[in-house]
Number of protein chains: 2
Amino acid sequence: MSAQLEPVMDTAPVRVLLADDEHLIRGALAALLSFEDDLRVVAEAASGPEALAMARAHRPDVAVLDLEMPGADGVAVATSLRSELPDCRTMIVTGHGRPGHLKRALTAGVRGFVPKTVSAQRLAEVIRTVHAGGRYVDPELAADAISAGDSPLTARETQLLEFAADGAPIAEIAQRAALSPGTVRNYLSSAAAKLSAENRHAAVRIARSQGWL
Amino acid sequence: MSAQLEPVMDTAPVRVLLADDEHLIRGALAALLSFEDDLRVVAEAASGPEALAMARAHRPDVAVLDLEMPGADGVAVATSLRSELPDCRTMIVTGHGRPGHLKRALTAGVRGFVPKTVSAQRLAEVIRTVHAGGRYVDPELAADAISAGDSPLTARETQLLEFAADGAPIAEIAQRAALSPGTVRNYLSSAAAKLSAENRHAAVRIARSQGWL
DNA sequence: CAGTGCCGATGACATTTGTCATCGAGGCAT
DNA sequence: ATGCCTCGATGACAAATGTCATCGGCACTG
């Protein structure tokens, strides 16, 4: 409803938003992408909320979002963008690619998902692919996600595992969750059993590694 | 023994080794540093051992090492470099700057320590400072390190906390450490007391956050 | 040499945690 | 309404864990 002033070129440059909380990485990435004639970084952000604000202001074609950011993580930002700016494609770049994250991202409408171990060349390619309406998911991460399957945990089990994540004793977890200590033990026991863990702490580790936390 | 063909300039460029396991970051960083006339990235590495090998082969003036790398972390690499290539200055770049890491790094002879939230401009400055024989430590990290103090844990306590880090039961820890289960409980209990933790799992978290792990 | 501190172990004891069977309240579908 | 399910709770019991006192060996240090 407003992009009609852009001069139509042979191939118009792709307007990119870059969001990563690490200044160094973000700047370096911007510099690197500037080598690509058909890509133009039009905005940068260091946090989830800032990424949203920049997206509203600059209306990029593609938003490249780091998964781990303060304020709101990449998937949360992608979810908001999907409703606010449906024409803006989103993609996620991440250091640690856990299977669960990929699933959350895809259901949030994210079209690209790559680890930070890829080359800049490939990142540029993926940006182009995503902008053209295609999708790209790192093959290794995809394989992990498929073989991992869905979380077997119920909502309460997941919630209580989160409360247990910092090693707090049962009594404290019960307080924070406003549940009876016995109930807490039951749910955590069942969660540990589902994850084949020897106790709740190991269960937390396993759930974390799968991105189910 | 082989660099005599380089034309001697007014100020010879600083030869830099870049080590980071994330391809994207490493490449982008290299591209960015290439804008600085007086800096030259002569080698890149994606792991600790590879960084060592590249350093031996290219004998850089400054080694810029990521703290978290597979094989051997940045501090370990710095320690090896100190004895093998005393003329090579080392510096650490890290995402999460825990107080303990900084201390370990400084005792390993590292001359620069910066988080990834700094600008590329500053990174370049720090590289120059380090090359000139100076030191630079991020002020915020330095403050954290000073206020945090040293680890109150003994060697065994630290070791057992590491074994306990994945939530394993006491029996398993005892086996892995080749100790009696009772002894393990004693050490972990004492470690938890020193850290004011309610149990060993919370103690692990606290020790981790301080870089004492 | 005596003192100190860490290491490794043992035993006893209280507490926490894991496991299981069971129960009642409510939602939902046939 | 009846059955079926999940949630939340309780009680009982076993197992794991935390805590404490104590011991001997060893290394370092004054």
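Scope of the values below: all heavy atoms of this structure, side chains included, with no hydrogens, waters or symmetry mates. Residue numbering restarts at 1 for every chain, and letters A, B, ... go by the order of the sequence lines.
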For B:Glu44, check side chain to side chain donor-acceptor pair (under 3.5 Å) against everything at least two apart and list the hits. B:Arg26
Between D:dT19 (C1') and B:Glu198 (CD): distance, integer Å: 15 Å
Between P of D:dG8 and CD1 of A:Ile173, the distance in whole Å: 15 Å
What are the residues of residues 153-161 of chain B, sorted by number, that bring a heavy atom to within less than 4.0 Å of DNA chain D? none
Going by atom types alone, do B:Ser151 and B:Gln210 pair a side-chain donor with an acceptor below 3.5 Å? no
For residues 174-197 of chain B, which residues have at least one heavy atom under 4.0 Å from DNA chain D? B:Arg185, B:Asn186, B:Ser189
Mind checking side chain to side chain donor-acceptor pair (under 3.5 Å) for A:Arg156 and listing every partner two or more places apart, or none if nothing turns up? none
With sequence neighbours left out, write down each residue that passes ring pair (Phe, Tyr, Trp, His ring centres under 6.0 Å) with B:His201, or none if nothing qualifies. A:His201
Starting at NE2 of B:His201 and ending at C1' of D:dT17, how long is that distance when rounded to a whole Å? 9 Å
How long is the line joining CG of A:Asn199 and P of C:dT19, in whole Å? 9 Å
Where do A:Phe163 and A:Ile173 come nearest, in terms of heavy atoms and distance? CB-CG2, 3.8 Å
Using a 3.5 Å distance criterion without hydrogens, assess whether the side chain of B:Arg104 forms a donor-acceptor pair with backbone atoms of B:Val75. no
What integer distance in Å separates B:Ile170:CD1 from C:dA9:P? 14 Å
Please name all residues satisfying side chain to side chain donor-acceptor pair (under 3.5 Å) with A:Gln121, sequence neighbours left out, ordered by chain then number. none
Are side-chain heavy atoms of B:Thr90 and B:Val77 found at a separation under 4.5 Å? no
